[in-house]
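Here's the structure, in structure tokens; my notes come after.
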Number of protein chains: 2
Amino acid sequence: MADTPTPAVTISAIAEEAGVSAPTVSRVLNGRGDVAPATRERIESLLRARGYRRRGSRGGEMVGLLDLVFNDLDSPWAVEIIRGVEDAAHAVGSGIVVSAIHRRASSTRQWLQNVRSRTSDGAVLVTTDLDSSLRAELEDLHMPSVVIDPVGVPDLAVPTIGATNWAGGLSATDYLISLGHRRIAFVAGRPELWCSRARLDGYRAGLETAGLDVDDDLVVPGEFDYESGFRAGEHLFGLAEPPTAVFSASDQMTLGVYEALRRRGLRVPADVSVIGFDDLPEARWASPPLTTVRQPLAEMGRLAVRTVHRLVGGESIESPRVELATELVVRDSTAAVPGAPAR
Amino acid sequence: MADTPTPAVTISAIAEEAGVSAPTVSRVLNGRGDVAPATRERIESLLRARGYRRRGSRGGEMVGLLDLVFNDLDSPWAVEIIRGVEDAAHAVGSGIVVSAIHRRASSTRQWLQNVRSRTSDGAVLVTTDLDSSLRAELEDLHMPSVVIDPVGVPDLAVPTIGATNWAGGLSATDYLISLGHRRIAFVAGRPELWCSRARLDGYRAGLETAGLDVDDDLVVPGEFDYESGFRAGEHLFGLAEPPTAVFSASDQMTLGVYEALRRRGLRVPADVSVIGFDDLPEARWASPPLTTVRQPLAEMGRLAVRTVHRLVGGESIESPRVELATELVVRDSTAAVPGAPAR
DNA sequence: CTGAAAGCGCTTACAG
DNA sequence: CTGAAAGCGCTTACAG
């Protein structure tokens with residue numbers, strides 16, 4: 001996607017290639033109705049193929065705009081990323097255009113049209129699942145772009161930025177073990193995403209390294225959201241032999257676990273220790289404040305901007321994927337395993 | 001700020017007025033060094049006064065970009081507003097450029113420069129305190145703009161959108177009274193902001209209407225953030241005669257109150273009822289889920305976009321300020337006052 | 001439906 | 001330091 005600065009794609013270049021005059025191409029671009037369907041077709045595909053972008057009078061100059069694209073904006077990490085991206089973009093004098101691909105088919109077209117016409121210098125995509133047709137359309141825009149991917153899709157042709165999910169899973173589990181816990185449950189994330197798998201594997205590795213068996217009853221599915229965390233908590237503490245600690249693959253699920261525990265009259269951390277993943281602001285404000293594995297989302301955003309910027313400047317990127325370190329943040333939701341008192 | 005579409009401010013118009021040639025103005029605009037200081041000065045002030053904006057070849061056409069400006073992005077309502085603004089902007093085919101005025105003097109200049117050069121069609125400002133010099137500079141940009149103001153500064157020359165803070169304060173208090181509470185504390189917000197005053201007055205009105213005295217010991221200062229809420233909670237429940245209910249002027253402070261109560265071993269809502277203000281996502285995920293006064297932030301964002309759009313189109317706005325209704329959202333942090341048992 | 005011509009807003013050498 | 005001239009990318013009547 002990071003094509004080297006090719007000889008300016010202008011309207012007249014396209015016109016020549018299509019065997020028409022410049023005004024005709026202009027008409028197509030501006031959606032005027034009076035163009036023969038066949039001609040329009042030919043010109044449109046050429047426009048796409050060559051990655052035509054409006055540039056006004058001043059040549060190939062940068063326009064000082066970066067697109068920041070989310071699948072949708074409800075994700076609780078959205079702001080964290082926006083903050084990092086805004087910060088880094090500001091530092092290089094760029095503005096960021098944030099948008100969400102609202103997943104109605106019709107508006108995707110409209111959205112692409114908008115992106116195309118604002119001709120920003122590059123794009124940062126934040127997305128757990130870009131479907132492949134959309135991906136192709138994005139390529140047609142010929143914008144240098146990088147994907148921030150807190151959840152890990154390591155198979156793109158585009159540079160990707162993630163976090164060390166496996167190591168995060170390991171460190172949380174290690175910590176719980178160091179506190180004396182032996183029955184440690186894991187609430188997993190959306191199973192189709194790589195990061196879920198990596199966090200789970202980190203958890204398993206932690207147990208195995210300590211010589212503990214992985215008890216499949218203590219590994220419960222989740223969807224990353226509050227509700228599934230709540231259900232997981234209900235299930236786990238309905239068990240004949242409940243865990244003494246719960247590690248969940250997202251902070252949101254952990255908040256659901258809190259609520260399940262509260263309803264059963266169990267206390268964090270006196271009765272049960274709990275660890276989350278992400279370190280969203282809500283982790284700090286939970287009661288008790290939540291021990292969690294921090295994902296450096298803002299930093300990932302900053303790196304993404306620096307990376308697109310290098311692509312815009314024609315540099316090539318050495319590694320197609322880089323993962324930033326996660327870090328265990330210990331707060332008040334974890335404690336040594338309760339002595340041995342029957343609960 | 002909403003000037004009617006005047007006869008195109010072009011480089012040559014400015015040149016003529018300044019008594020120089022167009023290339024000279026162009027040089028000033030592009031920050032070339034080779035312009036006499038006096039000339040540059042004259043041209044710059046003319047540029048500002050006329051509200052010059054780069055437009056490329058296609059005339060006064062709209063560019064499909066709206067600036068969305070925050071003081072900074074840590075405010076927990078930022079995303080809510082972004083979501084509403086993005087949604088409405090998307091609907092009219094605009095992109096939104098999100099930025100934060102990082103409050104270092106130097107970068108404000110830089111930021112204004114960026115805003116000027118991207119020539120968006122209008123601006124939505126979200127801000128609790130714009131200092132007046134910045135306000136003046138913003139006016140120089142000659143962009144139609146509206147202020148979203150969850151905290152209420154009703155003295156601007158710009159259309160403002162807020163929420164019914166007083167009514168919200170009243171409804172929360174009423175509800176607590178209806179539950180049988182008589183000792184109801186209020187944790188106030190930043191005292192210099194109008195909204196804080198309005199919420200406090202709503203609380204007072206609620207008590208007075210019910211024939212209850214306002215006990216000044218139960219009105220404690222806060223700053224809207226978690227920490228001040230925590231301190232307020234510590235204070236309130238260190239009192240000889242603590243309240244049976246606490247209403248705070250923000251959800252964040254309420255989460256601080258939760259933590260203060262938890263540390264004292266008091267339960268929500270069995271021992272103490274608690275109400276917040278804002279209805280941020282964290283309210284739903286608190287444990288127990290928080291009863292709170294909802295501020296329709298996304299809706300305020302949508303309305304802001306519709307309003308700038310009308311200004312861009314040259315329409316005039318009937319009311320300089322509109323307040324959207326707040327709404328009490330009852331969840332699990334409130335209950336009838338505990339019978340009479342000594343605690 | 002399409003092109004030749006004129007025009008617009010801006011910028012870039014070039015000369016002084 | 002500044003302007004006259006040429007040029008660039010694009011669009012707008014106008015004619016056919």
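So you know, we letter chains A, B, ... as the sequences are listed, proteins then strands, and number each from 1.
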Subject >> Watson-Crick and G-U pairing of DNA chain C written in dot-bracket, each distance under 3.5 angstrom, with | for inter-strand partners >> reply: |||.||||||||.|||

Original post:
So, is B/Tyr52 near the phosphate of C/dC10, with a side-chain N or O under 4.0 Å from OP1 or OP2?
Top reply: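 Result: yes.
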
Return the set of residues passing salt bridge (charged side-chain N to carboxylate O under 4.0 Å, His left out) with [X] (not counting sequence neighbours), or none when no residue passes.
{"X": "A/Arg50", "value": "A/Glu17"}
{"X": "A/Arg27", "value": "none"}
{"X": "B/Asp67", "value": "B/Arg118"}
{"X": "B/Arg310", "value": "B/Glu315, B/Glu318"}

Original post:
Considering residues at least two apart in sequence or located in another chain, which fulfil the side chain to side chain donor-acceptor pair (under 3.5 Å) criterion with A/Ser12?
Top reply: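 Expected list: A/Thr10.
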
**OP:** Using side chain to side chain donor-acceptor pair (under 3.5 Å) as the criterion, list what pairs up with A/Thr307, not counting sequence neighbours.
**Re:**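 A/Thr307 satisfies side chain to side chain donor-acceptor pair (under 3.5 Å) with no residue once adjacent residues are dropped.
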
Original post:
Roughly, in whole Å, what's the span from CG in A/Leu47 to P in D/dG9?
Top reply: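 The answer, rounded to whole Å, is 15 Å.
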
**OP:** Provide, to the nearest angstrom, the distance between the CZ atom belonging to B/Arg32 and the C1' atom belonging to C/dT12.
**Re:**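 Nearest whole value for this atom pair: 8 Å.
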
Under 3.5 Å, which donor-acceptor pairs do the side chains of residues 298-306 of chain A form with other protein atoms, sequence neighbours left out?
{"unit_1": "A/Glu299", "atom_1": "OE1", "unit_2": "A/Arg302", "atom_2": "NE", "d": "3.1"}
{"unit_1": "A/Glu299", "atom_1": "OE2", "unit_2": "A/Arg306", "atom_2": "NH2", "d": "3.3"}
{"unit_1": "A/Arg302", "atom_1": "NH1", "unit_2": "A/Asp87", "atom_2": "OD2", "d": "3.2"}

Subject >> Atom pair CG/CG of A/Leu65 and A/Asp121 - distance to nearest 0.5 Å >> reply: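 Answer for the CG-CG pair, A/Leu65 versus A/Asp121, is 7.0 Å.
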
For nucleotides 1-3 of chain D, which of its nitrogen or oxygen atoms have a protein nitrogen or oxygen under 3.5 Å away, and what is each distance?
{"unit_1": "D/dT2", "atom_1": "OP1", "unit_2": "B/Thr39", "atom_2": "OG1", "d": "2.7"}
{"unit_1": "D/dT2", "atom_1": "OP2", "unit_2": "B/Ala36", "atom_2": "N", "d": "2.9"}
{"unit_1": "D/dT2", "atom_1": "OP2", "unit_2": "B/Thr39", "atom_2": "OG1", "d": "3.3"}
{"unit_1": "D/dG3", "atom_1": "OP2", "unit_2": "B/Ser21", "atom_2": "N", "d": "3.1"}
{"unit_1": "D/dG3", "atom_1": "OP2", "unit_2": "B/Ser21", "atom_2": "OG", "d": "3.2"}
{"unit_1": "D/dG3", "atom_1": "OP2", "unit_2": "B/Thr24", "atom_2": "OG1", "d": "2.7"}
{"unit_1": "D/dG3", "atom_1": "N7", "unit_2": "B/Arg27", "atom_2": "NH2", "d": "2.8"}
{"unit_1": "D/dG3", "atom_1": "O6", "unit_2": "B/Arg27", "atom_2": "NH1", "d": "3.2"}

